[in-house]
Asks: 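Would you mind keeping the following structure in view while I ask a few things?
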Amino acid sequence: METQIIRMDEQHIDREQLAKAGEIIKAGGLVAFPTETVYGLGGDALNPESSKKIYAAKGRPSDNPLIIHIAKFQDLNLIVKEIPDLARKLAEAFWPGPLTMIFKKSDMVPYETTGGLETVAVRMPVHPVAMAFIEAAGGYVAAPSANRSGRPSPTLAKYVEEDMQGRIEMIIDGGGVKIGLESTIVDMTVEKPMILRPGFITKEMLEKVLQSVSEDQTMMSTDSGQVPKAPGMKYRHYAPKGDLTIVDGNEEQVIEYINREVSFLQEKGHKVGIIGTEATIARYCGDVCKSAGNRKDDNTIAKELYRILREFDDEDVTVIFSESFNTVGIGQAIMNRLLKAAGHKIIHL
Ligand code: AMP
Ligand code: MG
């Protein structure tokens with residue numbers, strides 16, 4: 001299959017091109033598209049054959065459900081059994097935006113899309129290209145992140161191309177994404193809404209609207225002995241090829257520890273990568289040292305994390321050390337993804 005690539009930025013939406021993209025979806029094909037979080041791999045959410053194709057293109061286990069993307073709030077009615085009042089409130093506050101809510105599914109939604117579950121995940125992205133594309137595609141686009149299963153989610157169209165070239169009909173290149181980490185997922189089917197995956201919309205932001213929100217205990221630790229409630233969270237996603245360890249401690253200790261390990265590993269023939277930050281990166285003696293951004297603005301780190309993990313794969317580093325990040329605000333999502341990438345390997349100094 002030849003993958004067609006079309007380009008458009010959010011200020012200049014090309015409706016004619018998007019109409020073609022929409023036709024591909026309606027005919028059962030797949031189109032990758034930009035959103036504010038990461039690139040999505042879209043198919044018709046109401047067509048079981050499309051969902052099967054998404055799993056095949058990603059190499060994703062079929063018990064890992066897809067998120068349905070909509071462009072208008074009223075479109076929610078067709079795919080869910082009921083809209084709880086609290087979900088309406090959250091939608092008013094955060095839709096369109098990087099928030100996914102879990103509802104009881106209606107009969108319109110095939111089990112192929114929900115991985116066999118009676119619930120369905122729904123999001124309304126705010127990216128203008130995503131919105132126009134979803135409308136052109138008929139209103140219901142099932143879309144996981146547009147990476148091959150096990151690789152970091154794509155934050156640029158070139159990464160979608162790397163993973164999906166020849167496997168899907170079209171890629172809409174809308175440039176770099178704004179956030180860089182996947183949406184916050186909140187389960188609205190339980191009495192007290194529960195965060196299943198942290199993202200840009202934080203617990204504090206949700207609590208301003210809901211008063212009280214709980215968190216899946218498996219998000220930040222593996223010691224709870226429980227299985228994550230979002231099926232996708234149990235897989236070791238985002239794993240770089242190099243063996244990644246997070247080092248947590250005060251700045252001086254961390255730099256000293258990592259540099260000592262680097263010398264030791266280099267003597268043994270390893271090529272070592274480092275994930276540091278603007279203020280520290282020049283002080284590391286790794287083979288490849290990358291700054292994730294500025295600690296004064298965690299959003300810069302969220303945006304660059306997946307790009308950095310992907311680049312390390314291309315540089316053939318065998319071992320990677322990363323600084324640790326504060327779990328305040330979006331920092332919780334950053335650490336959640338980093339911990340998963342590291343298989344929860346963290347050294348506390
Ligand atoms: P991705 O689209 O690649 O960001 O992955 C979608 C995430 O949403 C995965 O972690 C899924 O397990 C989760 N998800 C989708 N639908 C549901 C659902 N009905 N219940 C719980 N988690 C879900
Ligand atoms: Mg994903």
Side-chain angles (χ1 to χ4, degrees), residues 30 32-43 45 50-51 54-55 57-70 76 79-82 84 87 98-106 108-125 127 130 134 140-155 159-160 163-164 177 179-190 193-201 214-216 218-219 226-239 302 305-306 309-310 333 336-337 340-341:
L30 304 183
F33 62 101
T35 80
E36 68 276 20
T37 57
V38 298
Y39 273 78
L41 174 57
S50 298
S51 292
I54 292 177
Y55 288 113
K58 277 185 68 93
R60 175 171 178 143
S62 59
D63 69 341
N64 187 355
L66 309 175
I67 295 173
I68 301 188
H69 291 65
I70 59 173
L76 188 59
I79 52 175
V80 306
K81 257 203 182 119
E82 61 196 11
L99 174 72
T100 296
M101 287 190 270
I102 310 281
F103 299 89
K104 290 189 180 126
K105 82 171 195 72
S106 79
M108 289 300 292
V109 182
Y111 287 112
E112 283 78 0
T113 300
T114 67
L117 298 177
E118 293 298 337
T119 54
V120 61
V122 188
R123 176 163 109 81
M124 193 196 298
H127 195 297
I134 293 163
Y140 299 96
V141 175
S145 50
N147 51 288
R148 297 270 300 156
S149 201
R151 301 212 69 198
S153 298
T155 50
Y159 297 141
V160 180
D163 281 15
M164 293 296 160
V177 301
I179 295 176
L181 297 177
E182 304 84 347
S183 59
T184 306
I185 302 180
V186 183
D187 187 354
M188 304 306 294
T189 67
V190 286
M194 182 185 270
I195 303 173
L196 306 186
R197 177 173 75 184
F200 182 82
I201 308 287
S214 61
E215 277 178 317
D216 185 343
T218 64
M219 274 188 336
Q226 294 167 7
V227 178
K229 296 199 169 50
M233 300 291 278
K234 71 174 181 276
Y235 295 105
R236 187 177 164 200
H237 278 182
Y238 331 114
L305 182 65
Y306 286 149
L309 290 175
R310 269 188 186 256
N336 166 266
R337 308 309 193 272
K340 277 160 71 71

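Each ligand, and each atom within it, is numbered from 1 in the order the structure gives. In what follows, every heavy atom counts, from backbone to side chain, and hydrogens, waters and symmetry copies are set aside.
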Asks: If you measure from each non-hydrogen atom of Val38 to ligand 1, which part falls under 4.0 Å: side chain, backbone, both or neither?
Replies: neither

Asks: Within the 4.0 Å heavy-atom shell around Arg197, which atoms of ligand 1 are there?
Replies: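 Counting from 1, the qualifying ligand atoms are 1 (P), 4 (O), 5 (O), 7 (C).
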
Asks: Please confirm whether Ser145 comes within less than 3.5 Å of ligand 1 when only nitrogen or oxygen atoms on both sides are compared.
Replies: yes

Asks: Would Lys58 count as a polar contact of ligand 1, with the cut-off being nitrogen or oxygen pairs under 3.5 Å?
Replies: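 In this structure, Lys58 places no N or O atom under 3.5 Å from an N or O of ligand 1.
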
Asks: Would you name the heavy atoms of Pro154 and Arg310 that are closest together and state the gap between them?
Replies: N-NH2, 4.4 Å

Asks: Looking at Ala143, which atoms of ligand 1 are within less than 4.0 Å of one of its heavy atoms?
Replies: 2 (O)

Asks: Could you tell me if any non-hydrogen atom of Ile102 lies under 4.0 Å from any atom of ligand 1?
Replies: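 It does, in that a heavy atom of Ile102 comes within the 4.0 Å cut-off of ligand 1.
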
Asks: What atoms in ligand 1 come closer than 4.0 Å to a heavy atom of Leu117?
Replies: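 Selected atoms, number and element: 18 (C), 19 (N), 20 (N).
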
Asks: Quick one: look at His69 and ligand 1, take heavy-atom pairs under 4.0 Å, and tell me if it's side chain, backbone, both or neither.
Replies: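 Neither part.
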
Asks: Below a 4.0 angstrom heavy-atom separation, can you tell me which part of Lys229, side chain or backbone, both or neither, approaches ligand 1?
Replies: backbone

Asks: Determine, step by step, whether Tyr306 and Asn147 satisfy the side chain to side chain contact (heavy atoms under 4.5 Å, CB included) criterion, reporting the C-alpha distance in whole Å, the side-chain angles of both residues, the deciding distance to 0.1 Å, and the verdict.
Replies: CA-CA 11 Å; Tyr306 286 149; Asn147 51 288; over 6 Å; no

Asks: Would you name the heavy atoms of Pro110 and Met108 that are closest together and state the gap between them?
Replies: CD-O, 3.3 Å

Asks: Which bit of Ile185 gets closer than 4.0 Å to ligand 1, counting heavy atoms only: side chain, backbone, both or neither?
Replies: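 Side chain only.
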
Asks: Is Glu36 paired with Arg123 through a side-chain N to carboxylate O contact shorter than 4.0 Å?
Replies: yes

Asks: Is Ile67 touching ligand 1 with its side chain, its backbone, both, or neither, if touching means heavy atoms under 4.0 Å apart?
Replies: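 It is the side chain that gets close, since no backbone atom is under 4.0 Å.
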
Asks: Check each atom of ligand 1 against the heavy atoms of Asn64 and keep those under 4.0 Å away; list them by number with element.
Replies: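 Counting from 1, the qualifying ligand atoms are 9 (C), 11 (C), 12 (O).
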
Asks: Taking 2.8 Å as the cut-off, does Ser153 contribute an N, O or S atom near the Mg ion (ligand 2), distance below it?
Replies: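 False for Ser153.
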
Asks: Quick one: does Thr184's side chain have a donor or acceptor within less than 3.5 Å of a partner on Ile201's backbone?
Replies: yes

Asks: Is there a donor-acceptor pair closer than 3.5 Å between any side-chain N or O of Arg197 and the backbone N or O of Val186?
Replies: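 Side chain of Arg197 to backbone of Val186: no pair is present.
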
Asks: Testing Val120, Thr119, Leu117, Thr113 one by one against Pro65 for a side-chain contact (heavy atoms from CB on, under 4.5 Å), which residue passes?
Replies: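 Exactly one candidate clears the test, Leu117.
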
Asks: Start with the C-alpha distance between Ile102 and Lys229, add both sets of side-chain angles, then the distance that settles side chain to side chain contact (heavy atoms under 4.5 Å, CB included), and finish with yes or no.
Replies: CA-CA 11 Å; Ile102 310 281; Lys229 296 199 169 50; over 6 Å; no

Asks: State plainly whether the residues Arg337 and Glu182 are in salt-bridge range, i.e. N to O under 4.0 Å.
Replies: yes

Asks: Any atoms of ligand 1 less than 4.0 Å from a non-hydrogen atom of Thr119? List them with their elements.
Replies: 18 (C), 19 (N), 20 (N)

Asks: Considering Gly40, Ser183, Pro65 one by one, which has a heavy atom nearer to atom 17 (C) of ligand 1 than any of the others?
Replies: Pro65

Asks: Ignoring hydrogens and geometry, is there a side-chain-to-backbone donor-acceptor pair from Tyr55 to Asn64 under 3.5 Å?
Replies: yes

